[in-house]
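Working notes, structure below.
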Amino acid sequence: MGWELFGWSFDVIRKNKQLVLFPIFSAVAALAGLFLCSQWGQVSFQRVLHHVGVRDLIWFAPAYVLVSAVIIFFNCALAACALAHFNGEEPTLSYGLRHAAQRIVPILAWTLLSTTVGFILNAIERRASFAGKIATWLFGFAWGMATYLVVPVLIAEDRGAFGSVQRSAQLFRKTWGDQIVAEIRFGWRSLVFFIPCLILGALGMNGYPVFLPIAVACFVIGAAVLSAAHGIFEVALYRYAATGETPEGWSPNMLSILQSQEKKGTRTLDIG
(Lines give C-alpha, C1' and ligand atoms only; values in the text may rest on other atoms or scores of the structure.)
Protein backbone atom coordinates (compact mmCIF):
# COMPACT_ATOMS: atom_id res chain seq x y z
CA MET A 1 0.00 0.00 0.00
CA GLY A 2 3.06 2.21 0.10
CA TRP A 3 2.72 5.80 1.19
CA GLU A 4 -1.06 5.66 0.73
CA LEU A 5 -1.43 3.97 4.12
CA PHE A 6 0.68 6.63 5.76
CA GLY A 7 -1.18 9.45 4.04
CA TRP A 8 -4.61 8.00 4.84
CA SER A 9 -3.82 7.71 8.56
CA PHE A 10 -2.67 11.34 8.65
CA ASP A 11 -5.78 12.42 6.79
CA VAL A 12 -7.91 10.93 9.57
CA ILE A 13 -5.84 12.88 12.11
CA ARG A 14 -6.29 16.06 10.06
CA LYS A 15 -10.05 15.63 10.35
CA ASN A 16 -9.86 14.74 14.06
CA LYS A 17 -6.94 16.71 15.45
CA GLN A 18 -7.92 15.97 19.04
CA LEU A 19 -6.80 12.36 18.56
CA VAL A 20 -3.20 13.51 18.85
CA LEU A 21 -3.85 14.48 22.47
CA PHE A 22 -4.33 10.88 23.62
CA PRO A 23 -0.67 9.86 23.07
CA ILE A 24 0.41 13.11 24.77
CA PHE A 25 -1.81 12.41 27.79
CA SER A 26 -0.45 8.88 27.86
CA ALA A 27 3.19 9.98 27.79
CA VAL A 28 2.72 12.68 30.45
CA ALA A 29 0.85 10.37 32.81
CA ALA A 30 3.35 7.55 32.29
CA LEU A 31 6.35 9.79 32.99
CA ALA A 32 4.66 11.22 36.06
CA GLY A 33 3.90 7.73 37.38
CA LEU A 34 7.46 6.55 36.83
CA PHE A 35 8.89 9.62 38.51
CA LEU A 36 6.67 9.38 41.57
CA CYS A 37 7.25 5.66 42.03
CA SER A 38 11.01 6.07 41.64
CA GLN A 39 11.00 8.85 44.24
CA TRP A 40 8.86 7.00 46.75
CA GLY A 41 10.78 3.77 46.35
CA GLN A 42 14.16 5.40 45.76
CA VAL A 43 14.67 3.01 42.88
CA SER A 44 16.98 3.73 39.98
CA PHE A 45 15.29 2.34 36.87
CA GLN A 46 18.63 2.18 35.13
CA ARG A 47 19.85 -0.10 37.92
CA VAL A 48 16.68 -2.19 37.66
CA LEU A 49 17.43 -2.87 34.00
CA HIS A 50 20.78 -4.44 34.95
CA HIS A 51 20.19 -5.92 38.39
CA VAL A 52 16.76 -6.76 39.76
CA GLY A 53 16.52 -7.37 43.48
CA VAL A 54 13.48 -8.16 45.61
CA ARG A 55 13.34 -4.59 46.88
CA ASP A 56 13.50 -3.25 43.33
CA LEU A 57 10.62 -5.45 42.21
CA ILE A 58 8.43 -4.32 45.10
CA TRP A 59 8.48 -0.82 43.64
CA PHE A 60 9.29 -1.37 40.00
CA ALA A 61 6.67 -4.03 39.18
CA PRO A 62 3.67 -1.95 40.40
CA ALA A 63 5.10 1.13 38.65
CA TYR A 64 5.49 -0.82 35.42
CA VAL A 65 1.93 -2.16 35.66
CA LEU A 66 0.60 1.32 36.45
CA VAL A 67 2.37 2.92 33.51
CA SER A 68 1.23 0.12 31.18
CA ALA A 69 -2.36 0.53 32.36
CA VAL A 70 -2.25 4.27 31.66
CA ILE A 71 -0.84 3.76 28.17
CA ILE A 72 -3.36 1.02 27.31
CA PHE A 73 -6.25 3.11 28.69
CA PHE A 74 -5.45 6.07 26.44
CA ASN A 75 -4.83 3.74 23.50
CA CYS A 76 -8.32 2.35 24.05
CA ALA A 77 -9.75 5.87 24.22
CA LEU A 78 -8.07 6.63 20.89
CA ALA A 79 -9.45 3.39 19.43
CA ALA A 80 -12.97 4.30 20.58
CA CYS A 81 -12.74 7.67 18.81
CA ALA A 82 -11.34 6.07 15.67
CA LEU A 83 -14.18 3.55 15.55
CA ALA A 84 -16.70 6.35 16.00
CA HIS A 85 -15.09 8.30 13.17
CA PHE A 86 -15.29 5.27 10.86
CA ASN A 87 -18.99 4.98 11.74
CA GLY A 88 -19.60 8.55 10.58
CA GLU A 89 -19.67 10.19 14.01
CA GLU A 90 -17.64 13.13 15.30
CA PRO A 91 -16.03 11.86 18.51
CA THR A 92 -14.69 14.11 21.24
CA LEU A 93 -12.03 13.54 23.88
CA SER A 94 -14.70 12.91 26.50
CA TYR A 95 -16.29 10.33 24.19
CA GLY A 96 -13.08 8.33 23.99
CA LEU A 97 -12.32 8.60 27.71
CA ARG A 98 -15.86 7.60 28.64
CA HIS A 99 -15.84 4.50 26.44
CA ALA A 100 -12.41 3.46 27.72
CA ALA A 101 -13.61 3.92 31.31
CA GLN A 102 -16.56 1.62 30.58
CA ARG A 103 -14.05 -1.09 29.66
CA ILE A 104 -11.72 -0.47 32.60
CA VAL A 105 -12.00 -4.00 34.03
CA PRO A 106 -10.88 -5.86 30.86
CA ILE A 107 -8.29 -3.11 30.27
CA LEU A 108 -6.75 -3.73 33.70
CA ALA A 109 -6.95 -7.49 33.19
CA TRP A 110 -5.16 -7.18 29.84
CA THR A 111 -2.56 -4.93 31.47
CA LEU A 112 -1.80 -7.57 34.10
CA LEU A 113 -1.65 -10.33 31.50
CA SER A 114 0.62 -8.44 29.09
CA THR A 115 2.98 -7.17 31.78
CA THR A 116 3.23 -10.64 33.33
CA VAL A 117 4.18 -12.12 29.97
CA GLY A 118 6.70 -9.32 29.53
CA PHE A 119 8.29 -9.95 32.94
CA ILE A 120 8.50 -13.69 32.29
CA LEU A 121 10.10 -13.24 28.86
CA ASN A 122 12.57 -10.73 30.29
CA ALA A 123 13.52 -13.08 33.12
CA ILE A 124 14.01 -16.01 30.73
CA GLU A 125 16.07 -13.90 28.33
CA ARG A 126 18.43 -12.80 31.12
CA ARG A 127 19.26 -16.38 32.03
CA ALA A 128 19.00 -18.11 28.66
CA SER A 129 21.79 -19.12 26.33
CA PHE A 130 22.19 -17.50 22.93
CA ALA A 131 19.82 -20.03 21.36
CA GLY A 132 17.41 -19.48 24.22
CA LYS A 133 17.50 -15.73 23.66
CA ILE A 134 16.61 -16.23 20.00
CA ALA A 135 13.73 -18.54 20.96
CA THR A 136 12.51 -16.00 23.51
CA TRP A 137 12.71 -13.22 20.93
CA LEU A 138 10.74 -15.28 18.41
CA PHE A 139 8.06 -16.06 20.99
CA GLY A 140 7.89 -12.39 21.94
CA PHE A 141 7.49 -11.41 18.29
CA ALA A 142 4.74 -14.01 17.80
CA TRP A 143 3.01 -12.82 20.97
CA GLY A 144 3.18 -9.23 19.77
CA MET A 145 1.68 -10.08 16.40
CA ALA A 146 -1.04 -12.32 17.90
CA THR A 147 -2.07 -9.53 20.29
CA TYR A 148 -1.67 -6.73 17.73
CA LEU A 149 -5.43 -6.08 17.58
CA VAL A 150 -6.23 -6.53 21.27
CA VAL A 151 -6.89 -2.83 21.88
CA PRO A 152 -9.58 -2.50 19.16
CA VAL A 153 -11.12 -5.77 20.33
CA LEU A 154 -11.24 -4.54 23.94
CA ILE A 155 -13.20 -1.49 22.84
CA ALA A 156 -15.38 -2.92 20.07
CA GLU A 157 -16.35 -6.29 21.53
CA ASP A 158 -17.67 -7.42 24.89
CA ARG A 159 -14.80 -9.72 25.81
CA GLY A 160 -12.46 -10.11 28.73
CA ALA A 161 -8.68 -10.08 28.54
CA PHE A 162 -8.28 -13.74 27.51
CA GLY A 163 -11.22 -13.54 25.13
CA SER A 164 -9.71 -10.45 23.51
CA VAL A 165 -6.38 -12.24 23.07
CA GLN A 166 -8.13 -15.21 21.46
CA ARG A 167 -10.11 -12.91 19.18
CA SER A 168 -6.98 -10.96 18.21
CA ALA A 169 -5.17 -14.21 17.44
CA GLN A 170 -8.12 -15.33 15.31
CA LEU A 171 -8.03 -12.09 13.31
CA PHE A 172 -4.25 -12.43 13.07
CA ARG A 173 -4.66 -15.20 10.50
CA LYS A 174 -6.35 -12.69 8.18
CA THR A 175 -4.04 -9.77 8.77
CA TRP A 176 -0.60 -11.09 9.68
CA GLY A 177 1.09 -9.79 6.55
CA ASP A 178 -0.42 -6.33 6.88
CA GLN A 179 0.57 -6.18 10.56
CA ILE A 180 4.22 -6.97 9.81
CA VAL A 181 4.29 -4.60 6.84
CA ALA A 182 2.69 -1.84 8.91
CA GLU A 183 5.24 -2.20 11.71
CA ILE A 184 8.12 -2.03 9.24
CA ARG A 185 6.69 0.88 7.30
CA PHE A 186 5.65 2.90 10.33
CA GLY A 187 9.09 2.25 11.74
CA TRP A 188 11.42 3.36 9.00
CA ARG A 189 9.18 6.01 7.48
CA SER A 190 8.66 7.64 10.85
CA LEU A 191 12.39 8.40 10.86
CA VAL A 192 11.70 11.02 8.21
CA PHE A 193 9.63 12.99 10.71
CA PHE A 194 12.44 13.14 13.24
CA ILE A 195 15.16 14.36 10.89
CA PRO A 196 14.19 18.03 11.52
CA CYS A 197 14.30 17.33 15.26
CA LEU A 198 17.83 15.96 14.97
CA ILE A 199 18.97 18.92 12.89
CA LEU A 200 17.47 21.46 15.31
CA GLY A 201 18.85 19.56 18.29
CA ALA A 202 22.33 19.51 16.77
CA LEU A 203 22.13 23.25 16.16
CA GLY A 204 20.94 23.78 19.72
CA MET A 205 23.89 21.91 21.19
CA ASN A 206 26.42 23.68 18.99
CA GLY A 207 26.03 27.30 19.89
CA TYR A 208 22.37 27.97 19.06
CA PRO A 209 20.41 27.09 22.25
CA VAL A 210 17.30 28.81 20.98
CA PHE A 211 16.69 25.77 18.75
CA LEU A 212 16.63 23.27 21.65
CA PRO A 213 13.04 23.94 22.84
CA ILE A 214 11.91 23.93 19.21
CA ALA A 215 13.57 20.55 18.70
CA VAL A 216 11.89 19.14 21.81
CA ALA A 217 8.49 20.48 20.76
CA CYS A 218 8.90 19.02 17.27
CA PHE A 219 9.88 15.65 18.72
CA VAL A 220 6.88 15.55 21.09
CA ILE A 221 4.42 16.54 18.37
CA GLY A 222 5.94 14.15 15.84
CA ALA A 223 5.88 11.22 18.27
CA ALA A 224 2.26 11.97 19.24
CA VAL A 225 1.10 12.20 15.62
CA LEU A 226 2.87 8.98 14.65
CA SER A 227 1.48 7.14 17.67
CA ALA A 228 -2.04 8.32 16.84
CA ALA A 229 -1.62 7.33 13.17
CA HIS A 230 -0.46 3.87 14.22
CA GLY A 231 -3.46 3.43 16.52
CA ILE A 232 -5.85 4.55 13.77
CA PHE A 233 -4.41 1.98 11.38
CA GLU A 234 -4.83 -0.79 13.97
CA VAL A 235 -8.52 0.08 14.32
CA ALA A 236 -9.01 0.22 10.55
CA LEU A 237 -7.30 -3.15 10.13
CA TYR A 238 -9.43 -4.66 12.92
CA ARG A 239 -12.60 -3.31 11.34
CA TYR A 240 -11.69 -4.77 7.96
CA ALA A 241 -10.71 -8.16 9.40
CA ALA A 242 -13.74 -8.42 11.71
CA THR A 243 -16.53 -7.08 9.49
CA GLY A 244 -15.10 -6.76 5.99
CA GLU A 245 -15.95 -3.05 6.06
CA THR A 246 -13.33 -0.58 4.91
CA PRO A 247 -12.91 2.98 6.16
CA GLU A 248 -13.86 5.87 3.91
CA GLY A 249 -10.83 7.09 2.00
CA TRP A 250 -9.19 3.75 1.28
CA SER A 251 -8.26 3.90 -2.37
CA PRO A 252 -9.15 1.14 -4.88
CA ASN A 253 -5.47 0.21 -4.95
CA MET A 254 -5.34 -0.32 -1.18
CA LEU A 255 -8.55 -2.36 -1.27
CA SER A 256 -7.45 -4.50 -4.20
CA ILE A 257 -4.22 -5.43 -2.41
CA LEU A 258 -6.06 -6.48 0.74
CA GLN A 259 -8.75 -8.38 -1.12
CA SER A 260 -6.35 -10.21 -3.43
CA GLN A 261 -4.16 -11.23 -0.50
CA GLU A 262 -7.18 -12.46 1.43
CA LYS A 263 -8.33 -14.59 -1.51
CA LYS A 264 -4.90 -16.12 -1.78
CA GLY A 265 -4.85 -16.79 1.96
CA THR A 266 -1.52 -15.02 2.33
CA ARG A 267 0.02 -11.54 2.45
CA THR A 268 2.73 -10.20 0.21
CA LEU A 269 5.43 -8.58 2.32
CA ASP A 270 6.08 -5.58 0.07
CA ILE A 271 7.86 -3.08 2.31
CA GLY A 272 8.78 -0.59 -0.34
**OP:** Begin with the C-alpha distance, continue with both residues' side-chain angles, and end with the deciding distance and a verdict on side chain to side chain contact (heavy atoms under 4.5 Å, CB included) for R239 and N87.
**Re:** CA-CA 10 Å; R239 195 166 180 264; N87 291 329; 3.4 Å; yes
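- Remark: the backbone N or O of D158 is not paired with any side-chain donor or acceptor of R103 at under 3.5 angstrom.
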Subject >> Check against side-chain hydrogen bond (donor to acceptor under 3.5 Å, both in side chains), Q18 and Y95 >> reply: CA-CA 11 Å; Q18 72 275 12; Y95 176 93; over 6 Å; no
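- A donor-acceptor contact shorter than 3.5 Å is absent between the side chain of T243 and the backbone of Y240.
- When all heavy atoms of S164 and L154 are compared, the closest pair comes out as OG-CD2, 3.3 Å.
- T115 contributes a side-chain N or O that, together with a main-chain N or O of L112, makes up a donor-acceptor pair within less than 3.5 Å.
- For the pair K15 (side chain) and V12 (backbone), a donor-acceptor distance under 3.5 Å is absent.
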Subject >> Intermediate values then yes/no, side chain to side chain contact (heavy atoms under 4.5 Å, CB included), M205 and L212 >> reply: CA-CA 7 Å; M205 292 184 291; L212 281 177; 4.0 Å; yes
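- The two residues V151 and A79 make their nearest non-hydrogen contact at CG1-CB, 3.9 Å.
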Subject >> Verdict with supporting geometry, L21 and F74, side chain to side chain contact (heavy atoms under 4.5 Å, CB included) >> reply: CA-CA 9 Å; L21 294 176; F74 283 111; over 6 Å; no
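- Aromatic pair F119/Y64: centroids less than 6.0 angstrom apart.
- Looking at heavy atoms from C-beta onward, P196 lies out of side-chain contact with C218 at the 4.5 angstrom threshold.
- Across all their heavy atoms, G160 and P106 have their closest contact at CA-CB, 4.3 Å.
- Residues V65 and V117 are members of separate hydrophobic clusters, defined by side-chain heavy-atom contacts under 4.5 angstrom among Ile, Leu, Val, Met, Phe, Trp and Tyr.
- The minimum heavy-atom distance linking L121 with T136 is given by the pair O-CG2, 3.6 Å.
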Subject >> Derivation of the side chain to side chain contact (heavy atoms under 4.5 Å, CB included) call for Y238 and E157 >> reply: CA-CA 11 Å; Y238 158 78; E157 303 184 18; 2.7 Å; yes
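- With T147 contributing its side chain and W143 its backbone, the two residues share a donor-acceptor pair below 3.5 Å.
- Scanning all heavy atoms of the two residues, the minimum distance from A161 to W110 falls at CB-N, 3.5 Å.
- Side-chain contact between N16 and C81 is absent, with no heavy atoms from C-beta onward closer than 4.5 Å.
- Judged by distance alone, with hydrogens and angles left aside, the side-chain atoms of R127 form a donor-acceptor pair with the main-chain N or O of A123 at under 3.5 Å.
- When all heavy atoms of L97 and F22 are compared, the pair lying nearest together is CD2-CE2, 4.0 Å.
- Within a 6.0 Å radius of CZ in F219, no more than 12 heavy atoms belonging to other residues, nucleotides or ligands are found.
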**OP:** Could you walk me through whether E234 and H230 pass side-chain hydrogen bond (donor to acceptor under 3.5 Å, both in side chains), step by step?
**Re:** CA-CA 6 Å; E234 288 180 6; H230 191 276; 3.0 Å; yes
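- In this structure, S227 contributes its side chain and P23 its backbone to no donor-acceptor pair below 3.5 Å.
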